[in-house]
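Numbering of residues begins at 1 and proceeds along the displayed sequence. Predicted model only: the values in this text are computed from it and were never measured.
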Amino acid sequence: MNYVPDVSQNLAYLGGLAATTTALIAEAVSTDPAVGAGSFLLGGAGLIAAISAFMKDFWMDRQKQRDHELAALRIQARSERIEEMVEALLAWMKAARSVDASLPPVPDIVHLREKPDDE
């Protein structure tokens with residue numbers, strides 16, 4: 001098993017929490033306004049790091065879902081193209097059979113887009 005993602009996520013959580021805590025302590029202790037502004041920026045960066053680490057799994061799952069949906073659409077499009085080709089071949093075979101009766105009979109295939117009742 002690969003523990004690197006879990007370790008990096010936990011480090012991001014701890015880093016964000018440490019930065020926010022440090023910023024709050026620095027602002028509470030210091031009377032200098034420059035330290036307050038710097039600690040505010042540091043705390044904000046830590047908070048953003050913690051939130052982004054928290055949301056990483058959500059976005060990775062969403063990307064996997066998009067990839068799955070795209071693959072499903074490709075399979076469906078490929079299936080539809082194959083159905084159209086088979087229907088065109090059947091129509092061509094029926095037209096050829098109507099011109100020359102000595103050709104073998106055209107197979108009787110139920111319309112491809114209709115689902116059988118047993119499914």
Side-chain angles (χ1 to χ4, degrees):
M1 290 181 62
N2 189 3
Y3 293 107
V4 174
D6 294 332
V7 170
S8 65
Q9 185 178 13
N10 288 338
L11 287 175
Y13 286 143
L14 290 174
L17 184 61
T20 305
T21 305
T22 304
L24 289 173
I25 292 171
E27 190 165 336
V29 172
S30 177
T31 57
D32 186 13
V35 172
S39 64
F40 179 75
L41 292 175
L42 181 64
L47 190 60
I48 290 171
I51 290 173
S52 64
F54 178 70
M55 298 294 285
K56 182 179 179 184
D57 290 336
F58 169 77
W59 291 114
M60 288 178 64
D61 289 344
R62 182 66 184 123
Q63 183 61 41
K64 288 178 187 176
Q65 183 180 2
R66 280 191 215 117
D67 292 342
H68 173 72
E69 290 170 355
L70 183 61
L73 287 174
R74 285 182 181 151
I75 291 170
Q76 181 182 1
R78 187 177 306 136
S79 174
E80 289 174 358
R81 283 193 304 255
I82 290 171
E83 287 175 2
E84 289 173 2
M85 288 189 301
V86 169
E87 286 177 354
L89 284 173
L90 285 173
W92 177 79
M93 290 167 58
K94 287 178 184 176
R97 171 88 169 140
S98 66
V99 172
D100 187 4
S102 65
L103 292 173
V106 178
D108 186 26
I109 298 177
V110 179
H111 194 275
L112 296 173
R113 290 196 174 100
E114 293 177 4
K115 300 225 184 244
D117 292 333
D118 60 339
E119 287 185 16

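- No option in Arg81, Gln76, Glu83 other than Glu83 meets the side-chain contact (heavy atoms from CB on, under 4.5 Å) test with Ser79.
- Grouping the Ile, Leu, Val, Met, Phe, Trp and Tyr side chains by contacts below 4.5 angstrom, directly or via other members, places Ile82 with Leu90.
- Counting only residues at least two apart or in different chains, side-chain hydrogen bond (donor to acceptor under 3.5 Å, both in side chains) contacts with residues 92-101 comprise Asp100-Ser102.
- Here the CD atom belonging to Glu80 is positioned 12.5 Å from the CD1 atom belonging to Ile75, to the nearest 0.5 angstrom.
- In the hydrophobic cluster analysis, where Ile, Leu, Val, Met, Phe, Trp and Tyr join through side-chain heavy atoms closer than 4.5 angstrom, Val106 is grouped together with Met85.
- Judged as a side-chain contact (heavy atoms from CB on, under 4.5 Å), and not counting sequence neighbours, the contacts of Arg66 are Trp59, Arg62, Gln63.
- Leu70 contributes atom CG, which lies 12.5 Å from atom CD of Gln65 (distance to the nearest 0.5 angstrom).
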